[in-house]
Amino acid sequence: MKIFSGPLSMFGAKAQIALLEKGIDATLVMVPYSTEAGYQPKHPDVLRINPKGQVPVLIDGDVEIYDSTQIFEYLEDQYPLPALWPREPGMRAAARRLELASDEVFFANVIKLMRSANSTPELRKAARANIAAYYRLMDDRLTGEQFISGSEFGYADIAFYMAQLFAAFLGAPMADDTPRLVEWQSRVTDRASVAAVAGAMARFIALNGMVVPNFLHELSKSPRSKSAAIQPEQASNKLEN
Ligand SMILES: N[C@@H](CCC(=O)N[C@@H](CS)C(=O)NCC(=O)O)C(=O)O
């Protein structure tokens, strides 16, 4: 299996974490990316498989797919254990809704904080307020639960972990008013899969002279994890070597 991701790709990181959680051996292809030029030049396999030219892209034999959520679905069908969607249909539907909302509702606000965003100070202020409100919503969900979609870690956690990592990176971290969510953040950061992927991203952020979110400080200093089942094929971004 081959997974195409990028050193600062939140969607690629979702797929990488899921592969590690499932214990699947995969080759990691980091596509060219720099903070100045973005995702250029595009990797030929990414262009061939994804008409949008985006990562993540997954190749598993004859199966060639793109989009982090589509990759989640394929992994769950092909490699059911450990399960990362809840078993019960109602809970499973709720987890899928949360995964979608994380990517499409919460992250839509995070995009407005990006330097390249066609945004105004008013829009950025509104985005920050929406982000804070979403944190409170997730904090409520964690009442009596360890994870976003119930008692087990899963795809809804992976999606929201990466989305909140980028919110924090762009200056909208959680505050004291969401203590359960802050605990969830450290519980998830401690997972081997997440530490490997978020740690590599934190080191990329630090090497590029950007500010590492507080909760990733330790990981940004630690050496590359040797336990990861995903082996890099090529690290195209020279800062990653
Ligand atoms: N909905 C897609 C979004 C993928 C996406 O936005 N990928 C970004 C990196 S995080 C990308 O490849 N951007 C390059 C481009 O748009 O040219 C998913 O979940 O995989």
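In each ligand, atom 1 is the first atom listed, and ligand 1 is the first ligand listed. Since the structure is predicted, the reported quantities are computational estimates derived from the model, not experimental observations.
- In this structure, E152 does not pair ionically with R87, as no charged nitrogen and carboxylate oxygen lie closer than 4.0 Å.
- With respect to the salt-bridge test (charged N to carboxylate O, under 4.0 angstrom), the residues E76 and K22 qualify.
- In this structure Y79 satisfies the ring-ring contact (aromatic ring centres under 6.0 Å, His included) test with no other residue, sequence neighbours excluded.
- The number of heavy-atom neighbours closer than 6.0 Å to CG of N118, taken from other residues, nucleotides and ligands shown, is 12 or below.
- For R97, the salt bridge (Lys or Arg N to Asp or Glu O under 4.0 Å) test picks out no residue, with sequence neighbours left out.
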Could you go through residues 6-15 and list every donor-acceptor pair under 3.5 Å that involves a side-chain atom there, pairing it with any protein atom two or more places apart or in another chain?
unit_1 : atom_1 : unit_2 : atom_2 : d
S9     : OG     : G12    : N      : 2.7
K14    : NZ     : S68    : OG     : 2.9
K14    : NZ     : E99    : OE2    : 2.6
K14    : NZ     : D103   : OD1    : 3.2
K14    : NZ     : D103   : OD2    : 2.6

List below, pair by pair, the N or O atoms of ligand 1 and of the protein that are less than 3.5 Å apart, including the distance to 0.1 Å; reply 'none' if no pair qualifies.
unit_1   : atom_1 : unit_2 : atom_2 : d
ligand 1 : 1 (N)  : D67    : OD2    : 2.9
ligand 1 : 7 (N)  : V55    : O      : 2.8
ligand 1 : 12 (O) : V55    : N      : 2.9
ligand 1 : 16 (O) : Q54    : NE2    : 3.0
ligand 1 : 17 (O) : K42    : NZ     : 2.4
ligand 1 : 19 (O) : S68    : N      : 3.2
ligand 1 : 19 (O) : S68    : OG     : 2.6
ligand 1 : 20 (O) : S68    : N      : 2.8

